[in-house]
Asks: 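A single structure is presented below for examination.
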Amino acid sequence: MSTENEGAAVPPEAGSRPAPPAPHPDPAPAVPPAPDFKPAVGTAPAAPQAPIGPPGEPAAGSGLPEPAAPTPAPAGPPPATPSAPGADPARPGAWWSEADGRPQDASHGDAHEGTPGAPGGPWGAGAPLPPSDPPARKRSGGLVAALLAAVLVAGGIGGGIGYWAADREAGGDSTTISALGNPKSESRAPGSVSDIAGKALPSVVTIEAEGSNGEGGTGTGFVYDKQGHILTNNHVVASAADNGKLTATFSNGKRYTAEVVGRAQGYDVAVIKLKNASDAKLTPLPLGDSDKVSVGDATVAIGAPFGLSGTVTTGIVSAKNRPVASSDGGGGNASYMSALQTDASINPGNSGGPLLNADGGVIGINSAIQSAGNGGGLGGETQQSGSIGLGFAIPINQAKNVAQQLIRTGEPVYPVIEATVNMKDTGNGATIAGNGAGGTPAVVPGGPADKAGLKSGDVIVKLNDTVIDSGPTLISEIWTHKPGDKVTITYKRDGKQSTTQVTLGQRKGDS
């Protein structure tokens, strides 16, 4: 978020015309997911900006307009003001504006009616100067003072606004030109984006992972506790999990090596721990309550998109409980989440970073984005992808449970119903398959689904109050619970709808 500083105007000397006020800058213009989602993590084999997955192109910067050269005034004696007969008047100063670096919409150009510097505006090209004062006797040095009589316009889109004033000493021939307008600091209100970012950035790290084969990438993580545990995505650290290298760099530039404590591929959650970090100032980010999030709530995302660490973006929660199935392109098992959807800009490299609410509490871990291309996974595409306003975060309540389990035991625990469902059919529910893997029964004998009376061919259409439209949705919803939880499953069999209670079982590890 950019801020704008205004120059402080100095009152003109007696006998001079007042300088025009500084112009106000133009304001900046303000689905079910596809089967596959891209991870917000960057690939980087060797180059500094190489994300996990598709490579990226950073946005190009914008330049500043330069003020035009002053136009000399016509020759002749300078007019005098009624209040100071015979004295030279101070010529109107030229004003200028600087671009603050924000991209502008094509509809927001330089010519806006009523905008200083625009055609027809108060100080635009062709605008008449105030009526001249009665002529006064000629004095030396008038030509020098008149050099700044022209009004210079540099586009009404800037941030810091100031003006130039010419002030001639009453008893001399020299003219002093001074630049007015020292930037004044603006207070950052509690709860503003800048306030939230200022507090959170010292607790966010940029993670670099390098596998034993030299391949790796960049992601993000954040301080989970004072013992040095960092919470991130599994796909951020997976390449370095076996004999690889992990480093975590804080916003102050301090860099630490790290090791994997535990990772859950199915949840796409991982915990790493800093090594030799006794001098690190560890401030855990406060955790919010993702169950209480509402659509429309403000969000702040922090991460390292395309390797640009410390990047802050904003948006809202655009949907809740969005079923997302994704993979990192490595051929392993998919990850499933009942995600928070946000339009905050999330790109490769944001993976593992915090999604914050308006109070600065973490409500999710940024994990995946919807791609506009035809990519088929989270890390193996050759086509570049970027934010199209559809990002997905793992709800923090779920991620917290997984993290605690990983810190305690080093391996994940998943709630299950022990039934194999069809993962390709969508729209009508989750159909229990005819057979399981390797020809085993689709419904495990004696398992939770079997005890609840479920059979092959049953179509599960609801879990508690959540509508189930596919196998991935069913798994995503089950994984928001814990082993031992009791859930109500609504299913259809032979055209008849029924309900049953299922006590969730558990599976340890990712194998």
Side-chain angles (χ1 to χ4, degrees), residues 31-43 51-57 59 217-220 233-236 266-269 290 293 295-306 311 313-330 333-355 363-395 398-399 423-424 426-427 467 469-477 479-480:
V31 139
D36 294 305
F37 296 85
K38 296 187 177 181
V41 63
T43 59
I52 293 179
E57 295 179 5
T218 301
T220 308
N233 283 142
N234 170 67
H235 72 260
V236 169
Y267 293 120
D268 198 15
V269 172
S290 53
V293 169
V295 173
D297 285 352
T299 59
V300 176
I302 303 180
F306 301 110
T311 296
T313 56
T314 64
I316 62 169
V317 174
S318 52
K320 290 180 61 178
N321 303 320
R322 183 72 75 194
V324 174
S326 61
S327 67
D328 60 8
N333 295 327
S335 300
Y336 300 94
M337 67 186 90
S338 183
L340 296 176
Q341 180 180 302
T342 181
D343 65 348
S345 181
I346 297 174
N347 287 286
N350 274 105
S351 278
L355 185 68
I363 56 174
I365 301 177
N366 299 320
S367 182
I369 57 175
Q370 172 67 57
S371 170
N374 297 319
L378 286 181
E381 305 88 353
T382 57
Q383 180 181 3
Q384 177 54 47
S385 64
S387 173
I388 59 172
L390 290 171
F392 305 97
I394 304 166
Q398 179 182 14
M423 300 298 287
K424 294 183 179 180
T426 60
V467 174
D469 60 2
S470 65
T473 302
L474 175 63
I475 296 175
S476 298
E477 190 60 27
W479 285 1
T480 64

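Only this structure's heavy atoms are used, side chains among them; waters, hydrogens and symmetry mates stay out.
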Asks: Give the minimum heavy-atom separation between Ala301 and Asn366, together with the two atoms involved.
Replies: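 The answer is CB-ND2, 3.8 Å.
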Asks: Nearest 0.5 Å, please: how far is CD1 in Ile316 from CG in Asp343?
Replies: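 Between Asp343 CG and Ile316 CD1, I get 5.0 Å after rounding to 0.5 Å.
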Asks: Find out whether Pro323 and Ile475 are in side-chain contact, i.e. whether some heavy atom of one side chain is under 4.5 Å from a heavy atom of the other.
Replies: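 They are not in side-chain contact.
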Asks: To the nearest 0.5 Å, tell me how far Leu390 CG sits from Ser318 OG.
Replies: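 Answer rounded to 0.5 Å: 6.5 Å.
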Asks: Do Ile388 and Gln370 make a side-chain contact, defined as non-hydrogen atoms from C-beta onward lying under 4.5 Å apart?
Replies: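 A side-chain contact under 4.5 Å exists here.
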Asks: Which heavy-atom pair separates Ser338 from Asn321 by the least distance, and what is that distance?
Replies: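 Closest pair (atom of Ser338, atom of Asn321, distance): OG-CA, 3.2 Å.
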Asks: Report yes if some heavy atom in the side chain of Arg322 is under 4.5 Å from a heavy atom in the side chain of Leu340; otherwise report no.
Replies: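 Sidechains of Leu340 and Arg322: no contact.
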Asks: Apply ring pair (Phe, Tyr, Trp, His ring centres under 6.0 Å) to Tyr336 and list each qualifying residue two or more places apart in sequence or on a separate chain.
Replies: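 For Tyr336 the ring pair (Phe, Tyr, Trp, His ring centres under 6.0 Å) partners, ignoring immediate neighbours, are Trp479.
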Asks: State which residues pass side-chain contact (heavy atoms from CB on, under 4.5 Å) with Ala339; sequence neighbours excluded, sorted by chain then number.
Replies: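 Here the qualifying residues are Val324, Met337, Phe392.
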Asks: Using every non-hydrogen atom in the two residues, find where His235 and Asp268 come nearest and quote the distance to one decimal.
Replies: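 Scanning both residues, the minimum pair turns out to be ND1-OD2, 2.8 Å.
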Asks: Show the nearest heavy-atom pair for residues Ala304 and Gly219, with the distance to one decimal.
Replies: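 Closest approach of Ala304 to Gly219: CB-O, 4.4 Å.
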Asks: Between the side chains of Ser387 and Asn347, does any donor sit under 3.5 Å from an acceptor?
Replies: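 On atom types as modelled, these side chains do not qualify, holding no pair under 3.5 Å.
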Asks: Measuring from atom CG of Leu355 to atom CD1 of Ile363, what distance do you get when rounded to the nearest 0.5 angstrom?
Replies: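 Rounded to the nearest 0.5 Å, the CG-CD1 separation comes to 4.5 Å.
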Asks: For Thr313, what residues pass the side chain to side chain donor-acceptor pair (under 3.5 Å) criterion, not counting sequence neighbours?
Replies: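 Here no residue qualifies.
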Asks: Identify, with sequence neighbours excluded, every residue that meets side chain to side chain donor-acceptor pair (under 3.5 Å) alongside Thr311.
Replies: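 So Thr311 forms no side chain to side chain donor-acceptor pair (under 3.5 Å) with any residue.
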Asks: Using every non-hydrogen atom in the two residues, find where Ser290 and Pro395 come nearest and quote the distance to one decimal.
Replies: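 Closest approach of Ser290 to Pro395, heavy atoms only: OG-CB, 3.5 Å.
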Asks: Please enumerate all residues that pass side chain to side chain donor-acceptor pair (under 3.5 Å) together with Thr480, with sequence neighbours excluded.
Replies: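 Counting only residues at least two positions away or on another chain, Thr480 forms no side chain to side chain donor-acceptor pair (under 3.5 Å).
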Asks: Would Lys320 and Val295 count as a side chain to side chain contact (heavy atoms under 4.5 Å, CB included) if you check the C-alpha gap in whole Å, the side-chain angles of each, and the deciding distance to 0.1 Å?
Replies: CA-CA 7 Å; Lys320 290 180 61 178; Val295 173; 4.2 Å; yes
Asks: With sequence neighbours excluded, what pairs up with Asp469 under the side chain to side chain donor-acceptor pair (under 3.5 Å) test?
Replies: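 Asp469 satisfies side chain to side chain donor-acceptor pair (under 3.5 Å) with Thr473 once adjacent residues are dropped.
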Asks: Side chain of Ser367, backbone of Gly352: donor and acceptor closer than 3.5 Å?
Replies: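 Flag not set: sc Ser367 to bb Gly352 has no pair under 3.5 Å.
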Asks: Do you know the tightest heavy-atom contact between Asn350 and Pro305?
Replies: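 It is OD1-CB, 3.4 Å.
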Asks: Using only heavy-atom distances, determine whether the side chains of Thr299 and Thr342 contain a donor-acceptor pair under 3.5 Å.
Replies: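 Looking only at side-chain atoms, Thr342 and Thr299 do form a donor-acceptor pair, the distance falling under 3.5 Å.
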